Amino acid sequence: MHRDDPSDAAAASPFQPLPAELDFPSMERRILDFWAEHQTFERLRAKNAAGPRWSFIDGPITANNPMGVHHAWGRTYKDVYQRYRAMRGYHQRYQNGFDCQGLWLEVEVEKELGFESKRDIEDFGLEAFADACRERVDTYAAVQTAQSVRLGQWMDWDDSYYTHADGNIEHIWQFLRRCHQRGWIEAAQRAMPWCARCGTALSQHELIDTYEEITHDALYVRLPIHGRPNAWLLIWTTTPWTLAANVAAAVDPDLTYAEVEVDGQRYVLAEATVSEALGNDARIVGRVQGADMLGWTYEGPFDHLPGAAGVEHRVIPWDDVGADEGTGIVHIAPGAGEEDFRLGQELGLPVLVPIDENGVYVDGYDWLSGRDAREVAADVIADLERRGLLLRAHRYEHRYPHCWRCQEELVFRVDDEWFIRADEIRQPMLDAAAAVRWTPDYAGARMADWLRNMGDWNISRRRYWGLPLPFYPCQACGHLTVIGSKRHLEERAVSGLEQLRELHRPWIDQVVIRCEGCEAPVRRVEAVGDAWLDAGIVPFSTLGYLEGSQEFHRWYPADFITEMREQIRLWFYSMLFMSVTLENRAPYRSVFVYEKLNDETGRAMHKSWGNAIDFGEAAERMGADVMRWLYAGQNPLYNINFGYGPATDVKRRMLTLWNVYSFFVTYARLDGFDPTAPRIPVEQRADLDRWALSRLQGLIDTMTEAMEESLVHRGVRAAHRFIEDLSNWYVRRGRRRYWKSSADADKQAAYQTLHELLTTLVRLLAPVMPFWTEDIYQNLVRGADPNAPASVHLTDWPTADNSLRDEELEASMDIARVVVAAGHQARNEAGLKLRQPLRSAYVSGIEPEEIERLCSFKAHICDELNVKDMLNVKEAGFTSDIDFFETRAKLNFRRVGPRLGRLSRLVAAELAKNTEQHERIWSQFMNDREYKYVLHLDWEKVELEFDDFVFEAVPRSREYAVASRDRVTVAVRTEIDDALRREGLAREIIHATQNLRRSAGLDVSDRIRLWIDGGSALTSTLADHGAEIIDEVLAVSLNDGSPPSQAAETAPTLDGEPVRIRLVRA
RNA sequence: GGGCUCUUAGCUCAGUCGGUUAGAGCGCGCCUCUGAUAAGGGCGAGGUCCGUGGUUCGAAUCCACGAGGGCCCA
């Protein structure tokens, strides 16, 4: 340590000292204030206003609850890429979006108001309900905005779009009108998965992931076969309520059915199911093929009720009947089952729909009427039993779908629904999707698969707070009028316009229009639209498409969008559908898809499982930058495991950078380093500097490429490696350059280089870690140069300077580090403490040119390994008889393989047999590179040249500690003579004294008076190394007079010598 | 039943153009270094690269089949 009195320099330094600890949350709050105060975001937008455009569309977040940490993942991607584009000068929209209507909202508002059914909503009043929905949107849009700001996301928050806005609705109307003009809109009866609580059908994409294991009552029911006394069809069902809708019984024509007699009654069922259904005692008295049963008729289970009367129940064929469970005879209720309905359509079966939209039996079903279908199982069982139709009932566990919003069990129900026919647009959508760049690319395949399989789009929901479908079917002429805009509505309206507050129920329902077919007055259908219409229209509605705005053509299609993978079949799909319909092309050029967020053990997060992490709490505990780094570093192919454990990991890595930063600031202050001083030309700087700057250029390229390809995690990983190198090699190797007392050019070069490395690094990391990089930038750049851009986010993205690239230097440094690692290993294995200097280290196994280049790092290697000299084997005069390693020759398969083919194995084996020759082969090549080694096999000879070999050294130690890694072998001479021993002792003393200084609470730059006593070894050590010790520990005197009684003291045993060290501040 | 995808150390994951000794981080144990360091370095334990077959001089890597997980469709 050599330090001059630093106090004046530090006081004048432009760099502020660092706090003791890196505290992300408090630093981030400070930076948020800073940005607000300086209007940094506004200045960024102004700066780029004339730049090229980069168009991004924000997928709307449902403004329904506070945002979760999974939203924060996606928002981090959005912010990272927008910030990167901003640093490259792109003009952007920065428009955030909220999803504001649909079933999501309604269900939450219902919960809030304590409602249990649609009737509660009707009683409450649609107007009041709409107001409540609106209010919830306002509340949570504000909450989510504040949270996003906290995350560091930069958006034009005052310009957010809302999908419940009239403008958004009008654009959807326009889309629907275009669909209608092409003949794609139709109302049709379909069996739909139905939520009785929500009172509406669900579409196919809402059914996914909703199956849960559940126990139901399963029934064996016997039904009398017409014309065959005492003969019964035995059917099995797990949904007793659907028996009232039975119209047929399906059998597999290829299956063999058994007639079984029990208690004088004959049952027909599939032979394979007999013992399961009737027990092992059942006696088979006859057999019949399924095909022969077709045309039988039977009496239905509820034929006596008016609602089910008058239906002829037949036995019908169906290939999908299985004998795995049940009886091989399937109860068919086309009005209450999806497959049943399809089968019924094919065969022209009647459709009985016994329940209304709330799941309640309609009139005509006697005691069932008015009762909830989900609650009648026990009574149906009792009723059947009383009427002698029940054979037995049992509990049955199976997977059954639930409503994804309210968790109620779903039923299937036939109803009139509105659809957009998909067949005509399928191919154009496939074509449009094929032109999109999907990242990762499997997402494109997924979309194509979805499109090939998509059914007609069910767009109607029997709800309230949603897009009002602009469908006006005319009772008089049958024409369907589809309104395409508010103006269109005004043109056709005959009444109700005056009360039209907004395009929502109940107001819109009051507007009556003239039919476009016959001018008769027509009312709107009551249904509202699928919420994916709301989100899908956003590329148009937010750009004034309907008004023919210029903005639309400037920003459409989007350059980039990103959301979770599930959005392929949701938002990406609905946008694509609408955009292909309106403009015949995809609304986005590239799409980035990421996976799911789980807790840190890999389990899904659920509030009820107690493993969900609140965003606000996470931001305050780990910090937004740490979260962002964690998200950005994730490989998007895999689910992310998010939690405080992984965050601690990230923070530890950040600490590495913090240490480098802190090191720089500490010494730059002491030395009064001025970053605005003239730069020392790079070619005049130390190899270490040139190496680090070269590495930096590589990092710039890697980061840039990662950002351009939307694979930021690659950049994050490269940055991580760079930070490791910066700390564990550049600073570790270079730290003495900052300590020396003279202010020479090398010291200046060291400061300049580290300053450049840090300030460039923070620009590269600014998109990922906007807060901390700003903090560092303000201190390292703005503090010293008021003319620099006011924020790191107002600087330009770094570009690599190829003149600073030196790949040879990087390669050599890599080898030097391998040599150091091998040397450490050798010393360690021999039990030689690093503090003990040794005479020499020998390096072998690498090419002569590499050795040569390595010699320029000799000082680093010697210092790291604490040896006096590093020699390569050749210059040390060793030849083939050296005794600490031997050379092995192996085949270079990469070269030899293609040439020799099958023979290469034999050659390799032959070579391995004669290891004693390897040394000779090596020296032949060393003497003459053109030498050809000829290997004689039994039947032919093979000629091998230098490049056909790989040479490596194998340790064979004696007086040397030897270790090999990669192809490098390092041997350290283990002999310790007296001079080395004294030097080792001196270093022990320095180390002990430094520890004593620290424990005595001295400052790094304090001077001391020092006293050391001990035996004769110590005396001779002080004679040889006293000056060095004085120098290192900043002593002004050694053993001068007697120490005061308050002197700090330590008395260790060093290298077997008892030593006493005392010191006081000078 | 069909499609997409994944499977590498106890955990989380790298592994480029196929090249013969498969790596990192975390965790664990031992050692070590340290006046930037809640750090760093070394060693150790820990691998059927999911399995089988094929292509190839050579397979974690390419192909086929199979198993298991995830997702999607039916």
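Numbered from 1 within each chain, the chains take letters A, B, ... in sequence-line order. Because the structure is predicted, anything quoted here is derived from the model rather than measured.
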message: Would you compute the distance between atom CZ of A/Arg190 and atom CG of A/Asp456 and round it to the nearest 0.5 angstrom?
response: 5.0 Å
task: Give the rounded distance in Å between these two atoms: CZ of A/Arg426 and P of B/rC73.
output: 14 Å
- prompt: Taking atom P of B/rG35 as reference, at what distance in whole Å does atom CZ of A/Phe663 sit?
  reply: 12 Å
message: What is the separation between atom NE2 on A/His720 and atom C1' on B/rC26, rounded to the nearest whole Å?
response: 11 Å
- request: Quick one: label A/Arg732 by what it contacts on the DNA or RNA (base, sugar-phosphate, nothing), any heavy atom closer than 4.0 Å.
  value: base
No-H, no-angle donor-acceptor pair, A/Arg735 side chain to B/rU34 base, under 3.5 Å: no
task: Start with the C-alpha distance between A/Arg737 and A/Leu754, add both sets of side-chain angles, then the distance that settles side chain to side chain contact (heavy atoms under 4.5 Å, CB included), and finish with yes or no.
output: CA-CA 12 Å; A/Arg737 302 167 70 199; A/Leu754 187 50; over 6 Å; no
task: Determine if the base of B/rC31 is syn or anti; take syn to mean the glycosidic torsion is within 90° of 0.
output: anti
- line: Ranking B/rU34, B/rA39, B/rG19 by distance to the side chain of A/His991, first place goes to B/rU34
query: Contact class for A/Val665 vs. all strands (heavy atom < 4.0 Å): base, sugar-phosphate, or nothing?
result: nothing
- prompt: For the side chain of A/Asn728, counting heavy atoms from C-beta on, which of B/rG19, B/rG40, B/rA36 is nearest?
  reply: B/rG40
- prompt: Does A/Ser727 get its side chain close enough to the base of B/rA36, under 3.5 Å, for a donor-acceptor pair?
  reply: yes
field: Ring centres under 6.0 angstrom apart (A/Trp629, A/Phe24)
entry: no
- prompt: Can any side-chain N or O of A/Thr648 pair as donor or acceptor with the backbone N or O of A/Tyr644 at less than 3.5 Å?
  reply: yes
- prompt: Could you state the CZ-P distance from A/Arg895 to B/rC17, rounded to the nearest angstrom?
  reply: 22 Å
message: Determine whether A/Lys596 and A/Glu566 satisfy the following criterion, salt bridge (charged side-chain N to carboxylate O under 4.0 Å, His left out), listing intermediate values before the conclusion.
response: CA-CA 9 Å; A/Lys596 288 173 68 173; A/Glu566 62 194 14; over 6 Å; no
- request: If the plane angle is over 60° it's perpendicular, under 30° parallel, otherwise tilted; pick one for A/Trp457 and A/Tyr573.
  value: tilted
- request: May I ask you to verify if any side-chain N or O of A/Lys890 is less than 4.0 angstrom from the OP1 or OP2 atom of B/rU21?
  value: yes
task: Round to the nearest Å and state the distance from A/Phe572 atom CZ to B/rC72 atom P.
output: 15 Å
Gap in Å between the two C1' atoms, one belonging to B/rG46 and one to B/rG58, rounded: 28 Å
- line: On RNA chain B, more 5' by nearest nucleotide between A/Glu988 and A/Arg452 is A/Arg452
- request: Quick one, give me the B/S/- string for nucleotides 4-15 of chain B, reading 5' to 3', where B means a protein heavy atom under 4.0 Å from the base and S means that only happens at the primed atoms, P, OP1 or OP2.
  value: BSSS------S-
task: Quickly work out the A/Lys596 NZ to B/rG69 P distance and round it to whole Å.
output: 16 Å
task: Give the minimum heavy-atom separation between A/Val970 and A/Ala822, together with the two atoms involved.
output: CG2-CB, 3.8 Å
- line: Residues A/Trp658 and A/Pro19: closest non-hydrogen pair is CZ2-O, 3.3 Å
query: Can you name the closest pair of heavy atoms from A/Met605 and A/Ile613 and give their distance?
result: SD-N, 3.6 Å
Report, one pair per line, the protein and nucleotides 27-32 of chain B atoms (nitrogen or oxygen only) whose separation is under 3.5 Å.
none

- prompt: Say you pick atom P in B/rG29 and the same atom in B/rG69; how far apart are they, in whole Å?
  reply: 35 Å
query: For A/Asp863 and B/rU34, what is the distance between atoms CG and C1' respectively, to the nearest whole Å?
result: 13 Å
query: When you measure from the centre of the six-membered ring of A/Phe663, is the NZ or CZ of A/Arg735 under 6.0 Å away and within 45° of the axis?
result: no
- prompt: Taking for each residue the nucleotide of RNA chain B bearing the nearest heavy atom, is the 5' side occupied by A/His824 or by A/Leu996?
  reply: A/Leu996
- request: With pairs defined as Watson-Crick or G-U wobble and both distances under 3.5 angstrom, please note down RNA chain B as a dot-bracket string, | for pairing with another strand.
  value: (((((((..((((.....[...)))).(((((.......))))).....(((((..]....)))))))))))).
- prompt: When all nucleic acid strands are considered with a 4.0 Å heavy-atom cut-off, which category describes A/Pro898: base, sugar-phosphate, or nothing?
  reply: base
field: Residue pair A/Glu595 / A/Met564: nearest heavy atoms and the distance that separates them
entry: O-CG, 3.5 Å
- prompt: A/Tyr751 vs A/Phe664 aromatic rings, parallel, tilted or perpendicular, using cut-offs 30° and 60°?
  reply: perpendicular
message: Taking the basic N atoms (NZ, or NE/NH1/NH2) and the acidic carboxylate oxygens, is any pair closer than 4.0 Å for A/Arg732 and A/Glu864?
response: yes
message: Could you tell me how far apart A/Glu724 (CD) and B/rG25 (C1') are, to the nearest whole angstrom?
response: 9 Å
query: If the P atom of B/rC49 is compared with that of B/rU21, how far apart are they to the nearest Å?
result: 14 Å
query: Looking only at atom C1', what distance separates B/rG23 and B/rA67, rounded to whole Å?
result: 27 Å
query: What does A/Val896 touch in the nucleic acid at a heavy-atom separation under 4.0 angstrom: a base, only the sugar-phosphate, or nothing?
result: nothing
query: Does atom CZ of A/Arg717 have more than 12 heavy-atom neighbours, drawn from other residues, nucleotides or ligands, at distances under 6.0 Å?
result: yes
- prompt: Hey, is the side chain of A/Arg569 poking within less than 4.0 Å of OP1 or OP2 on B/rC72, counting only N and O atoms?
  reply: yes
query: When only distance counts, do a donor and an acceptor, one from the side chain of A/Arg997 and one from the base of B/rG35, lie under 3.5 Å apart?
result: yes
